Amino acid sequence: MAQASASISTLSIAEALRGKPGGMATVRGWVRTRRDSKAGLSFINLNDGSGFGDLQIVAPNDLPNYASAIQRLTTGCAIEATGELVESQGQGQLVELRASSITVVGWVDDPDTYPVSAKRHTFEYLRDVAHLRVRTNTFGAVARVRHCIAMAIHRFFHERGFYWVHTPIITASDCEGAGEMFKVSTLDHLNTPRTPDGKPDFSQDFFGREAMLTVSGQLNVETYCCALSKVYTFGPTFRAENSNTSRHLAEFWMIEPEIAFADLQDDMQLAEDMLRFIAKTVLEERADDMAFFEQRIQKGVIERLQAVADTAFERCTYTDAIAILEAAKTKFEFPIHWGADLQSEHERYLTEEHFKKPVIVYNYPKSIKAFYMRMNEPDAQGRETVAAMDVLAPGIGEIIGGSQREERLDVLDKRLDEMGLNKDDYWWYRDLRRYGSVPHAGFGLGFERIIQYVTGMANIRDVIPFPRTPGNAAF
RNA sequence: UCCCCGAUAGCUCAAUGGUAGAGCGAGCGGCUGUUAACCGCUAGGUUGUAGGUUCGAGUCCUACUCGGGGAGCCA
């Protein structure tokens, strides 16, 4: 397949589009559209995923395979084209490739039923052809932005001295407490071994005990935090909740940093710095894709992202948030009062209407938060709160949830007792509080949710390659 | 899981309980340095699945599946 001539370089289409007219080049990709001109030319828009833009290939009718192949090209065909990069005579592009040869690498079987034809498709339909949807403008752009954000997150932490910790996917501790878990088992479902009291005998299972897929790497990563000081996880997470919304998946990716010798203020600063770094990086590196999202997906995404990059987030205690909500003229379906958890409508009001930008709400009532969150001193009215924080973003809602962790063993044990949890199940977690315990804090960022926020994509199922949701694990 | 709405050609959608249509895509032809191209012709259907009501069901009823909007769980 490689060209014999050493003077012809194979370029990605992104490189070809950046190149100056003059040189010879070979490009490869998939046909987006073909238009014939009776002036003796065909125009082929070619895309290889290296960037948003297509390269226009000009195919003159004196090519030997013009009638037999070029004129039969349809959307989706894979080709290799070699020719000279020239200044375009038409509008709409600076450079184009004047082909001296075009090889068809792969035909489209039946153009009439090619699932991703050159027309508009709904996202709902494209989910049914997830193996081909990435060939569309939208899903190609999402894939590139997803990669860009992932790399930005790794760079952000790496540059600040964090270590990436690979916490386990399979866990035997039922104590993660963040939702329903998928079971991991090699037991025979048709002939399950039983204990005398009729329950499945997990001692005969693969791990010798009941095992699940993780719902969070937090408890594990805290152990590494209390030795390496600054750590984070970035991996898949599983929740067996029967959630049917545009912002929940059964399998999603999560980033969970954890910092030692740190309090909630440090935690909030880290969350904000990270989100602003992500915004800045995407604007710099994926301007082509962002221009598309701005134009076709959601007006204002670029401005919104620019605002995240440029301006500090709002911060507001839970108690102050309640005061704002109580003073609001908006009628809420669920009346709000101190001690109640914020409903979606309340979060939306705060971030979309009151502050009109990302806001960090912190110091929540202890009664609505997890056992591991650090107890604050009671306020003047004696109300008890924990050092927890949520980052709320317009259009998405909760994008980050985090807290300072309870590092005092006696306080932690009291909380475990209050919540009816068995201390023995948490023996290694409690050990961290016995051996050189230090204040530490962390948060969880939903990876797909930050992609939704950045791109303006409305449904979380469209920002992950192959979404897993209740009743759907196709592909 | 709960409430509301929906499922008809490859795709997006029409169709009073009485002969299933259009646009786009596709095929063929015309025109043109074209670019959401344009003009003409052609093909394309077990109306999501399973039951029921009716002389007759795309249309009415029931259940299920999937999708959308909202809610809960959360990231």
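Model, not experiment: these values are computed from the prediction. Here is the naming used below: chain letters follow the sequence lines, and residue numbers restart at 1 for every chain. All heavy atoms count here, side chains included; hydrogens, waters and symmetry mates do not.
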Problem - Stepwise ring-ring contact (aromatic ring centres under 6.0 Å, His included) check, A/Tyr426 with A/Phe371 - result: CA-CA 11 Å; A/Tyr426 296 87; A/Phe371 73 90; 5.0 Å; yes
For [X], enumerate each residue passing the ring pair (Phe, Tyr, Trp, His ring centres under 6.0 Å) test, keeping only those at least two apart in sequence or located in another chain.
{"X": "A/Phe466", "value": "A/Phe475"}
{"X": "A/Phe447", "value": "A/Phe234"}
{"X": "A/His158", "value": "none"}
{"X": "A/Phe157", "value": "A/Phe162, A/Tyr232"}

Looking for any heavy atom pair under 4.0 Å, which part of the strands does [X] touch: base, sugar-phosphate only, or nothing?
{"X": "A/Ile450", "value": "nothing"}
{"X": "A/Asn242", "value": "base"}
{"X": "A/Ile255", "value": "nothing"}

Handout entry: Proximity to RNA chain B (any heavy atom under 4.0 Å), residues of residues 464-475 of chain A only
Key = A/Gly471, A/Asn472
Problem - side chain to side chain donor-acceptor pair (under 3.5 Å) between A/Arg35 and A/Ser37, worked out - result: CA-CA 7 Å; A/Arg35 298 173 297 280; A/Ser37 165; over 6 Å; no
Exercise for the section: Just jot down the salt bridge (charged side-chain N to carboxylate O under 4.0 Å, His left out) partners of A/Arg98, sequence neighbours excluded, or say none. Expected result: none
Problem - Of A/Ser246 and A/Gly446, the one whose closest RNA chain B nucleotide lies more 5' - result: A/Ser246
Problem - Whether over 12 other heavy atoms sit under 6.0 Å from A/Phe182 CZ - result: yes
Practice task
Using a cut-off of 6.0 Å, state whether more than 12 heavy atoms not belonging to A/Lys357 lie near its atom NZ.
Solution key: yes
Give each protein N/O atom lying under 3.5 Å from an N/O atom of nucleotides 27-33 of chain B, with the pair distance.
unit_1 : atom_1 : unit_2  : atom_2 : d
B/U32  : N3     : A/Asp36 : O      : 2.9
B/U32  : O4     : A/Asp36 : O      : 3.0
B/U32  : O4     : A/Lys38 : N      : 2.8
B/G33  : N7     : A/Gln89 : OE1    : 3.2
B/G33  : O6     : A/Gln89 : NE2    : 2.9
B/G33  : O6     : A/Arg98 : NH2    : 2.5
B/G33  : N1     : A/Glu96 : OE2    : 2.6
B/G33  : N2     : A/Gln56 : NE2    : 2.9
B/G33  : N2     : A/Glu96 : OE1    : 2.5
B/G33  : N2     : A/Glu96 : OE2    : 3.1

Problem - Any N/O donor-acceptor pair, A/Arg127 side-chain to B/C66 base, under 3.5 Å - result: no
Exercise for the section: Report yes or no: is there a donor-acceptor pair, N or O only, under 3.5 Å between the side chain of A/Arg247 and the base of B/A75? Expected result: no
Exercise for the section: For RNA chain B, produce a single dot-bracket line, 5' to 3'. Pairs: Watson-Crick or G-U wobble, both distances under 3.5 Å. Symbols: ( ) within strand, [ ] crossing, | other strand, . unpaired. Expected result: (((((((..((((....[..)))).(((((.......))))).....(((((..]....))))))))))))....
What donor-acceptor contacts under 3.5 angstrom involve side-chain atoms of residues 391-399 of chain A, with partners at least two apart or in another chain?
none

Practice task
If a protein heavy atom is under 4.0 Å from the base, mark B; if only from the sugar-phosphate, S; if neither, -; do that for nucleotides 4-15 of chain B going 5' to 3'.
Solution key: ------BBS---
Problem - NZ/NE/NH1/NH2 to OD/OE distance under 4.0 Å, A/Arg461 and A/Glu448 - result: no
Practice task
Any pair with a residue in residues 57-72 of chain A that passes side chain to side chain donor-acceptor pair (under 3.5 Å), sequence neighbours left out, goes on the list, sorted by first then second residue, please.
Solution key: A/Ser42-A/Tyr66
Side-chain donor/acceptor pairs under 3.5 Å, residues 134-141 of chain A, sequence neighbours excluded:
unit_1   : atom_1 : unit_2   : atom_2 : d
A/Arg135 : NH1    : A/Tyr114 : OH     : 3.0
A/Thr136 : OG1    : A/Arg133 : O      : 2.7
A/Thr136 : OG1    : A/Phe139 : N      : 3.3
A/Asn137 : OD1    : A/Arg32  : NH1    : 2.8

